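Values in this document were obtained by computation on a predicted structure and should not be read as measured data. Starting from 1, each residue takes its place in the sequence as its number. Keep in mind that the numbers below use all heavy atoms, side chains included, and drop hydrogens, waters and symmetry copies.
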Amino acid sequence: MSSNTTQILPEPRIPYGYVPTEAVCIAFLTLFAVSGLIHTFQAIKYRTWWMIATLTVGCLGECIGWAGRLWSSRNPTLLDPFLMQITTTIISPSFMSAANFTILGFIIRTIGQQHSRLSPRWYLIIFISLDLVSLIVQAIGGARASAAAQNHEDADPGGRIMLYGIVLQMIALTIYCILGAEVLIRYYTNRPVRALPEQHDESVETLDEKKSDGRAALDRNNKLMLLALVITTVFLFIRAIYRTIELNDGWDGSIITNQNLFNWLDGMPITVVTYTFNILHPGYLLFRRRSGADTPAALSKA
């Protein structure tokens with residue numbers, strides 16, 4: 001007499017805690033691909049090559065991330081696309097924030113360095129360095145978390161390292177906002193940090209008009225560029241706060257397993273950031289009347 005036994009296998013685990021919606025993944029993948037192509041074209045047209053290293057690369061990373069989520073929408077139990085998307089969507093905005101840091105240096109150069117505690121050169125050195133360290137920390141954490149997940153080990157330690165990188169990015173953004181706000185307050189109240197140098201380098205003057213007290217007058221283009229910086233900084237903050245809470249909650253927490261939160265607090269803010277710079281691009285707002293002053297190399301000499 002024989003008996004048949006049926007072995008019940010456990011259902012494969014979905015690392016997201018949900019199945020990514022295919023239509024949403026296609027929409028964001030398309031949005032970032034189109035924006036990245038536009039940024040590349042604009043960088044070539046206006047010769048703002050540093051925008052390729054910031055916005056184009058950032059969009060490329062987002063495309064890889066959303067391609068991973070699209071892959072997961074069709075194969076939700078696979079680990080590789082999950083690791084691909086979580087690493088790239090966390091790291092990519094660091095490239096975009098570097099554009100904010102660079103553009104503020106050009107704005108300071110326009111309205112007068114006497115209103116800023118730091119020279120444009122030091123803005124570039126300090127904030128790009130912080131951004132680079134943040135990027136490296138996030139990459140290390142992502143690599144460690146991915147290795148742990150692939151070996152069926154606890155990925156939270158690696159996720160916590162990624163969290164430290166995002167917190168560092170938030171600290172850099174906060175300092176950037178404080179110093180940038182001080183520059184504008186000192187400019188509008190005419191309370192410079194230091195006296196204006198006696199010999200003004202006309203080669204870096206970008207505005208045709210000056211106020212009656214000798215200050216450079218902000219024209220419409222510069223005001224629009226400042227508006228772009230405000231918009232993108234706000235949305236970078238929204239996204240950074242969300243990712244901080246998400247990673248602190250753990251890889252199995254209620255935040256990371258909520259698809260709507262990810263779509264609205266990560267995908268949407270970064271989409272706003274990249275398209276804001278497509279529409280309000282420094283190439284035509286800041287550098288249309290310049291010659292040879294539209295590169296970080298030129299900025300670093302200021």
### Task
Can you sort out the partners of T30 under side chain to side chain contact (heavy atoms under 4.5 Å, CB included), two or more places apart, ordered by chain and number?
I26, V34
### Message
Is there a side-chain contact between L224 and R220 in this structure, where contact means two heavy atoms from C-beta onward sitting under 4.5 Å apart?
### Response
yes
#### Entry: Sequence-distant partners of Q259, side chain to side chain contact (heavy atoms under 4.5 Å, CB included), two or more places apart
Y18, P20, T21, R69, N263
### Query
Would you find a donor on one side and an acceptor on the other, under 3.5 Å apart, between the side chain of R191 and the backbone of R186?
no
### Message
Do I111 and V193 land in one hydrophobic cluster if side-chain heavy atoms of ILVMFWY residues count as linked below 4.5 Å?
### Response
no
### Query
Is the Y16 to F82 ring centre distance short of 6.0 Å?
yes
### Query
Is any side-chain heavy atom of T233 closer than 4.5 Å to a side-chain heavy atom of C177?
yes
#### Entry: Set of residues satisfying salt bridge (charged side-chain N to carboxylate O under 4.0 Å, His left out) with respect to R160, sequence neighbours excluded
none
### Task
Locate the shortest heavy-atom distance separating A43 from I52; write the atom from each residue and the value.
CB-CG1, 3.4 Å
### Query
Would you call N222 and L226 a side-chain contact if the rule is heavy atoms closer than 4.5 Å?
no
### Message
Side chains of F95 and L135, heavy atoms from C-beta outward: is any pair under 4.5 Å?
### Response
yes
### Query
Testing W50, Y123, F127 for ring-ring contact (aromatic ring centres under 6.0 Å, His included) with F101, which one passes?
F127
### Summary
I125 meets the side chain to side chain contact (heavy atoms under 4.5 Å, CB included) criterion, sequence neighbours left out, with R121, W122, S129
### Query
Backbone N or O of I90 within a donor-acceptor pair of the R239 side chain at under 3.5 Å?
yes
### Query
Going by heavy atoms in the side chains, are T89 and F262 under 4.5 Å from each other?
yes
Considering only distance and modelled atom types, tabulate donor-acceptor pairs under 3.5 Å from the side chains of residues 59-67, sequence neighbours left out.
none

### Task
Apply side chain to side chain donor-acceptor pair (under 3.5 Å) to T40 and list each qualifying residue two or more places apart in sequence or on a separate chain.
T56
### Query
In terms of hydrophobic clusters joined by side-chain contacts under 4.5 Å, are Y275 and F32 together?
yes
### Query
Does N248 reach the main-chain N or O of T244 with its side chain, forming a donor-acceptor pair under 3.5 Å?
no
### Message
Is there a path of hydrophobic side-chain contacts, each under 4.5 Å between heavy atoms of I/L/V/M/F/W/Y residues, joining I44 to L37?
### Response
no
### Task
Examine distances only and state if a side-chain atom of Y284 and a backbone atom of Q42 form a donor-acceptor pair shorter than 3.5 Å.
no
### Donor + acceptor pair across side chains of S134, Q138 (<3.5 Å)
yes
### Query
Should L104 and V183 count as side-chain neighbours, where that means a heavy-atom distance under 4.5 Å?
no
#### Entry: Cluster link L286 to I279, ILVMFWY, side chain under 4.5 Å
yes
### Set of salt bridge (charged side-chain N to carboxylate O under 4.0 Å, His left out) partners for D252, sequence neighbours left out
R13
### Task
Applying salt bridge (charged side-chain N to carboxylate O under 4.0 Å, His left out), name anything that partners E22, two or more places apart in sequence or on another chain.
R74
#### Entry: Over all atoms of both residues, closest heavy-atom pair of I161 and R144
CD1-NH1, 3.5 Å
### Task
Mark yes or no for whether D154, through its side chain, and D156, through its backbone, hold a donor-acceptor pair below 3.5 Å.
yes
### Message
Which heavy atom of M162 sits nearest to which heavy atom of G142, and what is that distance?
### Response
CG-N, 3.3 Å
### Task
Check whether any side-chain heavy atom of D131 sits under 4.5 Å from a side-chain heavy atom of Y176, and report yes or no.
no
### Message
Are P282 and F106 packed together at the side-chain level, in the sense that at least one heavy-atom pair is separated by less than 4.5 angstrom?
### Response
no
### Query
Under a 4.5 Å side-chain heavy-atom rule over Ile, Leu, Val, Met, Phe, Trp and Tyr, are M51 and L227 clustered together?
yes
### Pairing residues for Y242 by the side chain to side chain donor-acceptor pair (under 3.5 Å) criterion, not counting sequence neighbours
E246
### Task
Using side chain to side chain contact (heavy atoms under 4.5 Å, CB included) as the criterion, list what pairs up with T257, not counting sequence neighbours.
none
### Qualifying residues under side chain to side chain donor-acceptor pair (under 3.5 Å), relative to S116, sequence neighbours excluded
none
## Note on the structure
Residue set satisfying side chain to side chain donor-acceptor pair (under 3.5 Å) with T274, at least two apart, ordered chain then number -> S35, H39
